[in-house]
Asks: 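I am attaching a structure below and will ask some questions about it afterwards.
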Amino acid sequence: SRVGSYETITEYFERMNSILEKDEDGNVLHHYYKLGIDAIDNEFFNGKGVYSNCFLSIGADSSVGKTTLSLQIVSSLAKQEVKTQFFSFEMGDVQFFNEIDPQAKNKLKSIIDSEYRDNITLDFSSRNINDLATAIQMRAEDGVGAFIIDSYLSVYTGSNEVEKMIQLTDMLATMKKDLGVLIILIAQISKSDSKDKINEFQGGTRLKYESDVALFINLVEGEEDSTKRLIYCEKNRICAIGTWIKQK
């Protein structure tokens, strides 16, 4: 419905001035959400967190802790009064209950016994890309402000891996812009690139291109403490920072 539509530059600035919240000096106010992992929030986002309308991608190899990290983020968002929907496509409901990390499960249980319990919803079934788009649209209309999808590989499009990445990332990037919500997509690191110490998502470069922020998580080679991880910020439109850090 928006194809071919246009507005003059005067109309554009008038529209932006009418809808954007500003401070006393006329500067546009940004709303931030902390992800709840201090090393990430402080190192990459100056302690503020990510924009409330951001497309963030997180890549890692298997068994590195992508789901555990996602649930930490879910818990943090809930405590900030952000209604958050977690799409668990990598694990079904029974497997999710039985196999998620005990620390992550305890964080979710603590939410159940708090005033934030209504801020988290779970979806195990909207795996088809069209169902996923519909679910995000409907839940955004219900006031949900953040969506975490675990994971990219488990979304069904009926296409090959490269075409799937194009369809999915284009859809999510567009919905982020149109709905003004935070979308976090969990993805796998390309196997060949992982061996060569290159951070790229499985399926091609489209996800990194469309993301506002792209984080990659790796195990620390030779580290006796199995809870430590290397986190690299490959792309950051919010703050121009990129460095390696160790994170528990």
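Every heavy atom of this structure was used, including side-chain atoms; hydrogens, water molecules and symmetry mates were not. If you read the sequence from its start, that first residue is 1, and numbering goes on from there.
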Asks: Quick one: CD1 on I166 to OG1 on T157, what's the gap to the nearest 0.5 Å?
Replies: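 OG1 of T157 is found 10.5 Å from CD1 of I166.
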
Asks: Could you state the interatomic distance from CD1 (I184) to SG (C54), rounded to the nearest 0.5 Å?
Replies: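 Interatomic distance, I184 CD1 to C54 SG, rounded to 0.5 Å: 8.0 Å.
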
Asks: Specify the closest pair of heavy atoms between G204 and M165, including all atoms of both residues, with the distance to one decimal.
Replies: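 The answer is O-SD, 3.4 Å.
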
Asks: With side chains defined as the heavy atoms from C-beta onward, is the minimum distance between L172 and I136 less than 4.5 Å?
Replies: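 In contact.
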
Asks: Rounded to the nearest 0.5 Å, what separation is found between the CZ atom of F86 and the OG1 atom of T121?
Replies: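 If I round to the nearest 0.5 Å, the distance is 11.0 Å.
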
Asks: With rounding to the nearest 0.5 Å, note down the distance linking NZ in K235 to OG in S57.
Replies: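 Interatomic distance, K235 NZ to S57 OG, rounded to 0.5 Å: 8.0 Å.
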
Asks: Between atom OG1 of T67 and atom CD1 of I100, what is the distance when rounded to the nearest 0.5 Å?
Replies: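 The CD1 atom of I100 is 9.0 Å from OG1 of T67, to the nearest 0.5 Å.
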
Asks: R15 versus E11: any side-chain heavy-atom pair under 4.5 Å?
Replies: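 With C-beta onward as the side chain, the pair stays apart.
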
Asks: For F96 together with F124, are the ring centres under 6.0 Å from each other?
Replies: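 So the answer is yes for these two rings.
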
Asks: Are the side chains of T205 and E200 in touch, meaning some heavy atoms are under 4.5 Å apart?
Replies: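 Of all side-chain heavy-atom pairs linking E200 with T205, at least one is under 4.5 Å.
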
Asks: Nearest 0.5 angstrom please: C233 SG to F216 CZ, how far?
Replies: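 Answer rounded to 0.5 Å: 9.5 Å.
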
Asks: Closer than 4.0 angstrom, basic N to acidic O: yes or no for K176 and D212?
Replies: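 A salt bridge links K176 with D212.
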
Asks: Is the shortest side-chain heavy-atom distance between L132 and M171 below 4.5 Å?
Replies: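 With C-beta onward as the side chain, the pair touches.
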
Asks: Would you indicate whether the side-chain heavy atoms of I189 and N218 approach each other to under 4.5 Å?
Replies: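 N218 vs I189: side chains touch.
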
Asks: Taking atom types as modelled, find out whether E90 and S154 have a side-chain donor-acceptor pair closer than 3.5 angstrom.
Replies: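 Short answer, no.
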
Asks: Is the positively charged end of K164 above the ring of Y156, judged by distance under 6.0 angstrom from the centroid and angle within 45° of the axis?
Replies: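 The answer is no; the distance or angle limit is not met.
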
Asks: Step through the shown structure and confirm whether more than 12 heavy atoms of other residues, nucleotides or ligands are within 6.0 Å of NZ on K48.
Replies: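 Open: at most 12 neighbouring heavy atoms sit under 6.0 Å from NZ of K48.
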
Asks: Could you check whether any side-chain heavy atom of Q85 comes within less than 4.5 Å of a side-chain heavy atom of D123, counting everything from C-beta outward?
Replies: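 Contact flag for Q85/D123 side chains = yes.
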
Asks: Just checking, any donor-acceptor pair under 3.5 angstrom between side chains of E14 and T10?
Replies: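 On atom types as modelled, these side chains do not qualify, holding no pair under 3.5 Å.
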
